[in-house]
Each structure stands twice: as structure tokens, then as C-alpha cells.
**Student:** 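Input: one structure, supplied below.
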Amino acid sequence: MSLPRYAAGRLLLGLGQVAGITTIVFVLTEALPGDAAVVIAGDHPDPARIAAIRAHLDLDRPAWQRYLDWLTDLIRGDLGVSLISQRPIVERLADSAGATLLLAAVTLLALVPLAIALGMLAARREGGRLDRVVSAVSVALYAVPEFALAILLIAVFGVQLGWLPPTAFGADLLARPSVLVLPLLVLLARPICTISRLTRAGMLDALRGEHVRHARRLGITGSRLWLRHALPGALAPVVQQLARTTDWLLGGVIVVEAVFVIPGLGTALVDAVSTRDIPSVQALCVLVAVTTVVVNLAADLVAFRLAPRIGAVR
């Protein structure tokens with residue numbers, strides 16, 4: 001199977017996934033308890049006012065009609081208007097996406113070189129002290145939930161020692177980068193364990209491969225053997241794991257953003273659910289779904305290029 005043919009198949013599958021997810025998102029948001037018109041009407045709602053709000057927001061129309069209208073607007077790129085703020089949802093997403101994108105970018109920039117280098121060092125010293133330490137620390141860190149690690153770091157470095165800001169409340173993330181240090185450590189903890197272990201396993205598998213043995217017979221050794229012949233084959237599963245990590249980050253890490261008071265997409269989603277702002281919830285869920293499909297498509301294409309046996313049998 002050629003790369004263009006594989007890409008076309010994955011793209012069609014991705015479009016089908018997005019179509020299915022949009023339907024599921026609409027059905028689930030319709031099933032949320034409560035009434036948005038009652039929320040907008042205030043603490044002492046008047047029945048006539050609630051009815052007027054429902055009519056104004058088209059909430060009195062059948063669900064299937066609202067679904068078709070919503071789907072048509074999505075195809076045109078119109079995400080709708082927030083029920084609570086009456087602002088275009090695109091503006092709300094633009095306000096919230098900056099913090100999440102910044103946090104995700106900083107995390108990935110630190111994660112990729114650190115995890116791959118750590119995995120290669122562990123593979124080079126297979127069974128040695130470093131390898132055992134990396135394995136033990138990886139298991140220990142992976143077992144700690146994000147919220148528990150976040151609270152621990154805040155208590156030690158933010159409150160007791162006072163070295164770093166405990167939260168990002170009211171802070172400009174670009175003007176005061178120190179507020180990103182603790183969230184960055186929390187976000188790195190699990191992915192660096194997973195990716196370093198995948199890199200180690202991939203390197204050990206690649207070093208036993210026929211192409212690496214052939215390179216050794218040609219006299220290629222040292223860093224050139226590791227970087228040019230073993231590493232590309234080891235990176236295929238790493239790339240796919242990085243895609244899942246990127247999707248996790250761009251989707252808005254709700255727990256981390258909530259603990260450190262970062263106004264990102266995760267916080268926006270929690271606010272939208274709590275106020276029953278259905279159009280905002282739908283738009284955020286669709287955004288996460290599309291991000292997942294696009295990121296995983298890109299990762300599958302890279303993995304197919306690095307190791308075609310993963311994408312298809314030649």
C-alpha cells in the first residue's frame with residue numbers, strides 16, 4: 001500500500017469519526033439535566049420570561065431540527081453564539097485557546113528531547129543501574145494522579161518554600177513565565193515516563209533488527225548507528241504516543257487548568273457545562289474531536305513513513 005492511498009483511507013475514516021462524534025455530542029448535550037432558559041432567567045424566573053427566552057434561543061423547536069441547523073452551521077464554520085454571554089463562541093474559544101496552546105507547546109518542547117534522550121540512555125545501558133532507576137521512577141510517577149501531584153508541588157514549592165507562584169490567577173502567562181513551571185512539571189510527569197519507556201523498547205527492538213545488523217557488518221558503529229539506523233525505526237510508536245499526548249494537551253487538561261487557575265479550554269468547558277451553555281459545550285467537544293482526528297492522522301502518516309509495516313503490509 002502506497003502512502004497516498006493509506007492517507008486517503010485514513011482521511012475518509014477520520015471524516016466518518018468526526019461525523020459520528022458530532023451526532024453523539026449533540027445527543028449527549030441534549031440529555032444534560034437542567035434548562036438553559038431557567039439559568040439565563042436568574043434565581044427567581046418568571047414562567048413567561050422563561051418561555052420568551054426559550055423561543056428566542058429556539059429551544060422550543062424539535063431537537064432534530066436544531067441538530068440539522070447546527071450541523072449546517074458547523075459545515076459553514078459557524079460555531080454559534082453562547083447562550084450565557086451572547087458572544088460568538090469563536091471569540092470565547094480564541095480567548096481560551098491561547099493559554100492551552102502555550103501550555104501544550106511548552107510541554108511538548110520539553111517532553112520530546114528529554115523523553116527520547118532518557119529512553120536512548122536506558123537502552124544503551126540495558127539492565128544497568130540507570131535503566132533500573134528509569135523504570136522504577138517511571139512506574140512511581142505514572143501511578144500518581146495529576147491532581148495529587150499538582151497539590152503536592154503547590155504545597156511544597158508554592159506555599160512552603162515560596163520559590164514559584166502556586167497558581168496563575170490573574171497573571172499574564174507570557175509576561176510571567178514562572179507561573180508555568182509547576183503546571184509544566186505536572187504535565188510532563190506521565191508522558192515522559194511513557195515515551196521514554198517506548199523509546200527504550202523501540203531502540204532495543206531496532207538494534208536487534210536485520211538492517212542494524214547489516215549496518216554493523218558494514219562497520220557502522222557508535223552514534224551514527226544509533227541515530228541514523230536504529231532511532232528512525234524506534235520512533236514509530238513514539239510518534240503515535242506523542243499524538244495521543246498532543247491531543248490530551250490541546251483538548252484542555254481540565255484538572256491541571258482547574259488546580260492552577262489557568263483560563264484555557266478545559267476551564268471554558270467546565271464553565272460551559274456548569275452553566276448549561278449547550279452551544280459552547282458542543283463547540284468545544286467538536287473542537288476536541290477534530291483535533292484528535294487531525295493529530296492522530298498526522299501521527300499515523302509519520303509512523304507509516306518511518307515503519308510501513310505498522311500502517312500496512314507491503
**Student:** OG of S280 to CG of L269: how many Å apart, nearest 0.5 Å?
**Tutor:**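 Rounded to the nearest 0.5 Å, the OG-CG separation comes to 9.5 Å.
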**Student:** Taking ring-ring contact (aromatic ring centres under 6.0 Å, His included) as the definition, give me every residue that meets it alongside Y67, ordered by chain and number, with sequence neighbours left out.
**Tutor:**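 Listed in chain order: F26.
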**Student:** Considering non-hydrogen atoms only, spot the tightest contact between L164 and S178 and give its length.
**Tutor:**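 Residues L164 and S178, closest heavy atoms: CD2-O, 4.1 Å.
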**Student:** I'd like to know if V290 and L71 are part of one continuous hydrophobic network [Ile/Leu/Val/Met/Phe/Trp/Tyr, side-chain heavy atoms within less than 4.5 Å].
**Tutor:**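 The answer is yes; both residues are in one hydrophobic cluster.
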**Student:** Can you name the nearest heavy-atom pair linking G264 to T100, along with the distance?
**Tutor:**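 Nearest heavy atoms, G264 then T100: CA-OG1, 3.3 Å.
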**Student:** Could you tell me the separation between the CG atom of D271 and the OG atom of S82, rounded to the nearest 0.5 Å?
**Tutor:**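 Taking CG in D271 and OG in S82, the distance rounds to 10.5 Å.
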**Student:** Under 3.5 Å, side chain of S196 to main-chain N/O of C193, donor-acceptor pair present?
**Tutor:**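 Present.
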**Student:** Measuring from L297:CG to Q17:CD, what's the distance to the nearest 0.5 Å?
**Tutor:**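 With rounding to 0.5 Å, CG (L297) is 9.5 Å from CD (Q17).
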**Student:** For a side-chain contact (heavy atoms from CB on, under 4.5 Å) with L111, tell me which candidate from V106, I116, T245, L184 qualifies.
**Tutor:**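 Only one of V106, I116, T245, L184 forms a side-chain contact (heavy atoms from CB on, under 4.5 Å) with L111, namely T245.
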**Student:** Should the pair R76-D73 be classified as a salt bridge under the 4.0 Å nitrogen-to-oxygen rule?
**Tutor:**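 So R76 pairs with D73 through a salt bridge.
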**Student:** Answer yes if I75 and L287 sit in the same cluster of Ile, Leu, Val, Met, Phe, Trp and Tyr residues linked by side chain heavy atoms under 4.5 Å apart, and no otherwise.
**Tutor:**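 I75 does not cluster with L287.
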**Student:** Please name the pair of heavy atoms, one in P145 and one in R190, separated by the smallest distance, quoted to 0.1 Å.
**Tutor:**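 Result for this residue pair: CA-NH2, 3.9 Å.
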**Student:** Below 4.5 Å, heavy atoms only, C-beta onward: do L152 and F157 meet side chain to side chain?
**Tutor:**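 Result no, sub-4.5 Å side-chain heavy-atom pair not found.
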**Student:** Are V239 and L109 connected, step by step, through hydrophobic side chains (Ile, Leu, Val, Met, Phe, Trp, Tyr) whose heavy atoms are closer than 4.5 Å?
**Tutor:**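 They do not share one cluster, since no chain of ILVMFWY contacts under 4.5 Å joins V239 to L109.
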**Student:** Supply the atom-to-atom distance I262 CD1 to T167 OG1, rounded to the nearest 0.5 angstrom.
**Tutor:**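 Rounded to the nearest 0.5 Å, the CD1-OG1 separation comes to 9.0 Å.
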**Student:** Passes side-chain contact (heavy atoms from CB on, under 4.5 Å), V137 versus R132? Steps please.
**Tutor:** CA-CA 9 Å; V137 173; R132 294 196 299 270; over 6 Å; no
**Student:** Could you go through F260 and V186, starting from their C-alpha distance and side-chain angles, then the distance that decides it, and tell me whether this counts as side-chain contact (heavy atoms from CB on, under 4.5 Å)?
**Tutor:** CA-CA 11 Å; F260 292 100; V186 175; 4.0 Å; yes
**Student:** What closest approach, in Å, do L188 and A110 show between heavy atoms, and which atom pair accounts for it?
**Tutor:**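 Looks like CD1-CB, 4.1 Å.
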**Student:** Please give me the minimum heavy-atom distance between P165 and L182, naming the atom from each residue.
**Tutor:**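 So the two residues come closest at O-CD1, 3.7 Å.
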**Student:** State, yes or no, whether a side-chain contact exists between T199 and M120 at a heavy-atom distance under 4.5 Å.
**Tutor:**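 SC-SC contact between T199 and M120 confirmed.
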**Student:** Between V179 and R176, is there a side-chain heavy-atom distance shorter than 4.5 Å?
**Tutor:**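 The answer is yes, as the side chains (C-beta and beyond) meet within the 4.5 Å cut-off.
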**Student:** Without hydrogens or angle criteria, can the side chains of R197 and S135 be said to hold a donor-acceptor pair below 3.5 Å?
**Tutor:**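 R197 vs S135: donor-acceptor pair found between side chains.
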**Student:** Quick one: closest heavy-atom pair of A289 and I21, and the distance?
**Tutor:**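 Taking A289 first and I21 second, the nearest heavy atoms are CB-CG2, 3.3 Å.
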**Student:** Can you tell me how far the CD atom of Q282 sits from the CD1 atom of I89, to the nearest 0.5 Å?
**Tutor:**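 Output value for this atom pair is 8.0 Å.
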**Student:** With distance as the sole test, does T22 use its side chain to make a donor-acceptor pair with the main-chain N or O of A19 at under 3.5 Å?
**Tutor:**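 Flag set: sc T22 to bb A19 pair under 3.5 Å.
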**Student:** For the side chain of E257 and the backbone of T267, is there at least one donor-acceptor N/O pair under 3.5 Å apart?
**Tutor:**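 Looks like yes, one N/O pair under 3.5 Å.
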**Student:** When rounded to the nearest 0.5 angstrom, what distance separates CG in L114 from CD1 in I195?
**Tutor:**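 One gets 10.5 Å once the value is rounded to the nearest 0.5 Å.
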**Student:** Is there a path from L15 to L13 through hydrophobic residues (I, L, V, M, F, W, Y) whose side chains come within less than 4.5 Å of each other?
**Tutor:**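 L15 and L13: separate clusters.
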**Student:** May I ask whether V18 and L12 are part of the same hydrophobic cluster, defined by side-chain heavy atoms of I, L, V, M, F, W, Y residues being less than 4.5 angstrom apart, directly or through others?
**Tutor:**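 Cluster IDs for V18 and L12 differ.
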